[in-house]
Amino acid sequence: MLIRGISKSLICICNMISELHYVFCTPTVCKNACTGNGLSFLSVKRRNFCVYETSIQGNAGVVYSHQSVACVNGNGYRISRVVRTEAQTALFDYLHFTRGFHFTDAEYISKNSPQFVQNLLSVVDDEQDVSRALSKYFRYNPINEFEPFLESLGLNPFEYPSLLPKSLIFLGDDDLLLDNFHVLCGYGIPRTKIGQIYKEAKEIFRYDNGVLSMKLKAYENLGLSKSTIISLITCCPSLLIGNIDNKFLVVLDKLKGIGFGKEWIGSYVSDKTTLNWDRMLDTMSFLLQVGYNDEQMKILFTDNPALLFEGSGKRVYVLVGQLLKLGFKMNQIYDLFLKSPQILSSKCAKNLWTAVCFLAEIGMETEVIASIVATHMEVLGSNSLKAPITVMNSLKIKKDALCRAIKKDPLQLINLATKTDTKSIENQDSNTIVERRNFLLRLGYIENSDELSKALRKFRGRGDQLQERFDCLVQAGLDYNVVSSMIKRAPSVLNQTKDLLEKKIDCLVNRLGYPLEAVVVFPSYLCYDIQRINLRFSMYLWLLERGAAKPKLSLSTILACSDVRFVKYFVHIHPEGVATWESLKNSLKSKSIQDP
């Protein structure tokens, strides 16, 4: 009786700790598991953590932390990939088999919540079978499923504590959230972008069944393609709140009047773009006042889309303000913009203001600076300058002498202070670089941007080869803007030959029976080896014929998982699966030998 009483007391204490645990810390914090048949403690060995938020010291002496990044284990070694993979598998099994999550959702969450998985690893002993220990842990310790879910949607762990429901820990209890999440996924919005949408416009996820689909359909009725709508919603989630934004409609009409189609705006916006419809309208009105006609404005925005899409026209106001500080009148600014429209580009505006600061730093009067800018604006905007101290040290002169030389001949500023990199230019095939750059600019990359520089390094081949591969995808039936968006997300698609792209598209549509639009959601399909595609889908189709697999699984579910996971979930699920898998491998291998 005494022992039984002590056991009951300990069980009560465990339950109290559990309640405190859900109040003060993440559900993956160390806690002993108790069974109803007495005591059965889960062996726990704390790992060392790098804590970047303030820890909370509990009464029992356990240190809790809302955000802890597991860097090393208790022995001072980094957690191995094998251990991390076992933990991901255990989380997947819990979500899919125990909680009934769809295979795709469970797999994506388990693979894309590394912080949550790291925290899970803190509750098992280094020497234990991780999979088995975590399975036992899940049995007695229900986790807050919103945490790995939100992390998998692209939110950082420090962002989502304020977004967690106060009274729920099971995702299945929030039907509206899951329904609206699946609507966005099904529409083609990347899961990694949905987290930001949830953060900025949580109201979207409270819509009743069918409401969100109707709102998306309303934008399609305006003549916008799915790819454009996805781009707009990703950067401006508020478009889905309330009725269609009237200011957005006015912007579309203005752009149409200038000569742009409704799809043009979707080619340039991204999740990093912040759109302000009022400011965009003001920018277009300002340029009309300057004297630009529709044709001139179309050329300006075609060459410099950043004017509208980076800061929604803010750069125009900044540049005007800077020129006003120099003493220019508005009519003079209008004339300057008409004569040198390229000065409105981000690179030229930056170069111009750098030159103004250079002249001011060496002591030149404001009136003289304004005069030089008025007469040499195009040259100043086209060249990047060194710092004044660098120029003075290299020439061994002082500010006064440098100032006098530039006053005498303003072009001396360019001759003496321009940055040059002749070595890098000499080592490049100029024709290839120019062709590739022109191709990327046609895709929607912005001139002189970091994004363009990175893309130039990722793409292989001449500009005409890249264009040929791009046209191959368009001729297959995909929208031009859709292909542009795909290439930006998966640049290596265009590193495939035209013949290989055609072969993979033919396999997708005619052999596998998937719609062509499937590659829009998962463009990396076109980058996978054709042997991998044939082998895995042959196995999947074999399972479908026997009713052992769900139809129309996503391409990423079948192709992106590791070989070990594929065998586990697509081979071992059927009694004859292993024999069939080996037969398919041998068959495809012999075919590749005969047909190299």
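Remember, it's a predicted structure, so these values are computed and weren't measured experimentally.
- At least one side-chain heavy atom of I194 sits less than 4.5 Å from a side-chain heavy atom of C185.
- Separation of atoms CD (Q196) and CD (E159) is listed at 6.5 Å; rounding is to 0.5 Å.
- Looking at every heavy atom in both residues, I241 comes nearest to A201 through CD1-CB, 3.6 Å.
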Please walk me through it: do N144 and E147 pass side-chain contact (heavy atoms from CB on, under 4.5 Å)? CA-CA 6 Å; N144 189 329; E147 292 190 4; 4.2 Å; yes
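- You'll find the ring centres of Y198 and F205 inside the 6.0 Å limit.
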Evaluate V373 against L323 for side-chain contact (heavy atoms from CB on, under 4.5 Å), listing each step before the verdict. CA-CA 9 Å; V373 169; L323 293 174; 4.3 Å; yes
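- How far CD1 of I244 is from CG of L222: 4.5 Å, rounded to the nearest 0.5 Å.
- Proximity of V519 to V493: side-chain heavy atoms (C-beta onward) are nowhere separated by under 4.5 Å.
- P237 pairs in a side-chain contact (heavy atoms from CB on, under 4.5 Å) with only one of the listed residues (K193, E200, K199), which is E200.
- Within the structure, salt bridge (charged side-chain N to carboxylate O under 4.0 Å, His left out) contacts touching residues 249-258 (residues at least two apart or in different chains) do not occur.
- The side-chain heavy atoms of L153 and T192, taken from C-beta on, include no pair separated by under 4.5 Å.
- With hydrogens and angles ignored, the 3.5 Å screen pairs no side-chain donor or acceptor of N156 with any backbone N or O of F158.
- Here the shortest heavy-atom pairing between P388 and I362 reads CB-CG2, 4.1 Å.
- Between the side chain of S524 and the backbone N or O of C527, no donor-acceptor pair lies under 3.5 Å.
- Within the 4.5 Å cutoff, no side-chain heavy atoms of V482 are placed close to those of L473.
- Nearest approach of S152 to Y108, heavy atoms of both residues: O-CE2, 3.1 Å.
- Taken from OG in S162 to NZ in K202, the straight-line distance is 7.5 Å, to the nearest 0.5 Å.
- I372 has its side chain out of reach of K407: every pair of non-hydrogen atoms, C-beta onward, lies at least 4.5 Å apart.
- Across every non-hydrogen atom of P148 and I109, the tightest pair is CB-CG2, 3.7 Å.
- No donor-acceptor distance shorter than 3.5 angstrom exists from the side chain of T390 to the backbone of K386, with no hydrogens or angles considered.
- With sequence neighbours excluded, no residue forms a salt bridge (Lys or Arg N to Asp or Glu O under 4.0 Å) with E468.
- Looking at heavy atoms from C-beta onward, L380 lies in side-chain contact with L413 at the 4.5 angstrom threshold.
- Considering CE of M392 and NZ of K399, their distance stands at 5.5 Å, rounded to 0.5 Å.
- Between S225 and D479, the side chains place no donor N or O within less than 3.5 Å of an acceptor N or O (distance only, hydrogens not considered).
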Kindly indicate, with the supporting measurements, whether the criterion side-chain contact (heavy atoms from CB on, under 4.5 Å) is fulfilled by I233 and Y219. CA-CA 10 Å; I233 290 170; Y219 283 100; 5.6 Å; no
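- Cation-pi geometry between K504 and Y525 is not met: the NZ or CZ atom fails to fall both under 6.0 Å from the ring centre and inside 45° of the normal.
- Side chains of T234 and S231: no donor on one and acceptor on the other come within 3.5 Å.
- By the neighbour-count criterion of 12 heavy atoms within 6.0 Å, atom NZ of K247 is sparsely surrounded, having that number or fewer from other residues, nucleotides or ligands.
- E151 contributes atom CD, which lies 9.0 Å from atom CG of N112 (distance to the nearest 0.5 angstrom).
- The heavy-atom pair separating R489 from V521 by the smallest distance is NH2-O, 3.2 Å.
- Listed here is the closest heavy atom pair of S110 and L91: CA-CD2, 3.9 Å.
- S371 places no side-chain N or O within donor-acceptor distance of the main-chain N or O of E367, the cut-off being under 3.5 Å.
- For R191, the salt bridge (Lys or Arg N to Asp or Glu O under 4.0 Å) criterion is met by D105, not counting sequence neighbours.
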side-chain contact (heavy atoms from CB on, under 4.5 Å) evaluation trace for V250 with W277: CA-CA 9 Å; V250 175; W277 309 119; over 6 Å; no
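- The CZ atom of R404 sits 15.0 Å away from the CG atom of D409 when rounded to the nearest 0.5 Å.
- By the 4.5 Å heavy-atom criterion applied to side chains, V391 and I397 are not counted as neighbours.
- Looking at C561 and K111, their side chains come closer than 4.5 Å, going by heavy atoms from C-beta outward.
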